[in-house]
S.K.: 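One structure coming up, written as structure tokens, with questions to follow.
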Amino acid sequence: MSFESSGRERATAAAALPQRKVLHVGCGPRGLHRLHPVFHDLTRWREIRLDLDPSVEPDIVCSTADMRGHIANGTVDALWSSHNIEHLYDHDVSRALSEFARVLRPDGFALIRCPDLESVVTAILQDGLETIAYHSPAGPITPLDMLYGHRASVARGNDFMAHKTGFTDLRLGRLLLEAGFAHVNTKRATGFDLWAIAFMPEANPDETLDALACAGLSFES
Ligand SMILES: C[S@@+](CC[C@H](N)C(=O)[O-])C[C@H]1O[C@@H](n2cnc3c(N)ncnc32)[C@H](O)[C@@H]1O
């Protein structure tokens, strides 16, 4: 037996749900398309944009490696990091991931996307360093761009776009556990993307994993 509430009841129920905060680190320029679809219901999620580059007009200007002066402990429900952690110096990566765990509520989660170095290396071995691998909104992308950052942006003087480190699924999973997350899933996807979902100790992974699968990102192998 199934029950369907009326539109009015659904609207009342949605209004009763507390709005949750998603901290978007390394957000880049404003745009809903930069938020993962799982956060697109803006009646449920309030985006807080954070970036080291003031020109992208974030809510908070600081490095993900140290957010202490800006975000209190345990105050965000989710964290979204898309193509950001590879922009950190390697010695700052563990600090940043610990900062992710510090700012999240005990039942929160971090969703992370970055280049999958294993796929990049495979592309280099198959087609070379400078063959176009795909076209992004910023222009053509080669394995060299994926290793060291989008060269055209860096050439224009945007040093924030340089890549300074890299990840495999094994490395990212281990670093997230070391940073204090209780449960981590990683996924090597098409398009040279490496994904990780990292849960705080009191999180309900099933609920979030189901929501991600509905949004097209399944962590089941
Ligand atoms: C490739 S862009 C990604 C933008 C957006 N997340 C997306 O996926 O479209 C990388 C972003 O990370 C920012 N960034 C670089 N180093 C950072 C740091 N240490 N802390 C915070 N943001 C940083 C850059 O300024 C840039 O906006």
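As the structure lists them, so they are numbered: ligands from 1, and atoms in each ligand from 1.
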S.K.: Taking distance alone, with N or O pairs closer than 3.5 Å, would you say R113 contacts ligand 1?
M.R.: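 Between R113 and ligand 1 (N or O atoms, distance only) the closest approach is not under 3.5 Å.
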S.K.: Are the side chain of D77 and the backbone N or O of K21 linked by a donor-acceptor pair below 3.5 Å?
M.R.: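 Between the backbone of K21 and the side chain of D77 there is a qualifying donor-acceptor contact (under 3.5 Å).
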S.K.: Given that the side chain starts at C-beta and the backbone is N, CA, C, O, which of these parts of C62 lies under 4.0 Å from ligand 1, counting heavy atoms, or is it both or neither?
M.R.: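 It is the backbone that gets close, since no side chain atom is under 4.0 Å.
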S.K.: Which atoms of ligand 1 have any heavy atom of D53 under 4.0 Å away?
M.R.: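 Result: 25 (O).
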S.K.: Give the ring-plane orientation class for Y134 versus F192, where under 30° counts as parallel, over 60° as perpendicular and anything between as tilted.
M.R.: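 Ring orientation, 0 to 90° scale: parallel.
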S.K.: Given salt bridge (charged side-chain N to carboxylate O under 4.0 Å, His left out), test R188 with E118 step by step and report yes or no.
M.R.: CA-CA 9 Å; R188 297 182 60 208; E118 284 179 75; 3.8 Å; yes
S.K.: I want to know whether W45 and H24 have ring centres closer than 6.0 Å.
M.R.: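 Here the rings of H24 and W45 have centres that are no less than 6.0 Å from each other.
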S.K.: Distance check, rounded to the nearest 0.5 Å: N84 atom CG versus I112 atom CD1?
M.R.: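 It is 9.5 Å, given to the nearest 0.5 Å.
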S.K.: Any donor-acceptor pair under 3.5 Å linking the side-chain atoms of D66 with those of S63?
M.R.: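 No - no donor-acceptor pair under 3.5 Å links their side chains.
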S.K.: For D92 and Y89, indicate whether the former's side chain and the latter's backbone hold a donor-acceptor pair under 3.5 Å.
M.R.: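 Judged by distance alone, no pair lies under 3.5 Å.
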S.K.: For atom 11 (C) of ligand 1, what is the nearest protein heavy atom, given as residue, atom name and distance?
M.R.: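 For this ligand atom, the closest protein heavy atom is G26 O, 3.6 Å.
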S.K.: Starting from atom 15 (C) of ligand 1, what is the nearest protein heavy atom, named by residue and atom, and what distance separates them?
M.R.: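 Scanning the protein heavy atoms, the shortest distance from atom 15 (C) of ligand 1 goes to F160 O, 3.3 Å.
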S.K.: With distance as the sole criterion, is a donor-acceptor pair present between the side chains of R95 and T64 under 3.5 Å?
M.R.: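 On atom types as modelled, these side chains do not qualify, holding no pair under 3.5 Å.
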S.K.: Can you list the ligand 1 atoms lying under 4.0 Å from a non-hydrogen atom of N84?
M.R.: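 Near N84, meaning under 4.0 Å from one of its heavy atoms, ligand 1 has 12 (O), 13 (C), 14 (N), 17 (C), 21 (C), 22 (N), 23 (C).
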S.K.: State whether D51 and R34 are salt-bridged, where the test is any N-O pair (Lys NZ or Arg NE/NH1/NH2 against Asp/Glu carboxylate O) under 4.0 Å.
M.R.: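 No, this pair does not count.
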S.K.: What protein heavy atom is closest to atom 26 (C) of ligand 1, reported as residue, atom name and distance in Å?
M.R.: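 In this structure, atom 26 (C) of ligand 1 has D51 OD2, 3.6 Å as its nearest protein heavy atom.
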S.K.: Got the closest protein heavy atom to atom 21 (C) of ligand 1, with its distance?
M.R.: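 Among all protein heavy atoms, the one nearest atom 21 (C) of ligand 1 is L52 N, 3.5 Å.
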S.K.: For atom 8 (O) of ligand 1, what's the nearest protein heavy-atom neighbour? Residue, atom name and distance, please.
M.R.: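 Checking every protein heavy atom, the shortest distance to atom 8 (O) of ligand 1 gives S82 OG, 2.8 Å.
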S.K.: Of the protein's non-hydrogen atoms, which lies at the shortest distance from atom 5 (C) of ligand 1, and what is that distance?
M.R.: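 Protein heavy atom with the smallest distance to atom 5 (C) of ligand 1: C27 O, 3.3 Å.
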S.K.: Below 4.0 angstrom from a heavy atom of T64, which ligand 1 atoms are there? Numbered from 1 as shown, please.
M.R.: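 By the 4.0 Å cutoff, the relevant atoms are 20 (N), 21 (C).
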S.K.: Where does M161 meet ligand 1, judged by heavy-atom distances below 4.0 Å: at the side chain, the backbone, both, or neither?
M.R.: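 Side chain only; the backbone of M161 stays clear of ligand 1.
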S.K.: Atom 10 (C) of ligand 1: which protein heavy atom is closest, and how many Å away?
M.R.: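 Heavy-atom neighbour on the protein nearest atom 10 (C) of ligand 1: H83 O, 3.3 Å.
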S.K.: Among all protein heavy atoms, pick the one closest to atom 9 (O) of ligand 1 and tell me residue, atom and distance.
M.R.: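 For atom 9 (O) of ligand 1, the nearest protein heavy atom is R34 NH1, 2.8 Å.
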S.K.: Tell me the contacting part of L88 for ligand 1: side chain, backbone, both, or neither, using a 4.0 Å heavy-atom threshold, strictly below.
M.R.: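 Side chain only; the backbone of L88 stays clear of ligand 1.
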S.K.: Is a side-chain N or O of R49 found less than 3.5 angstrom from the main chain of E57, in a donor-acceptor match?
M.R.: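 Present.
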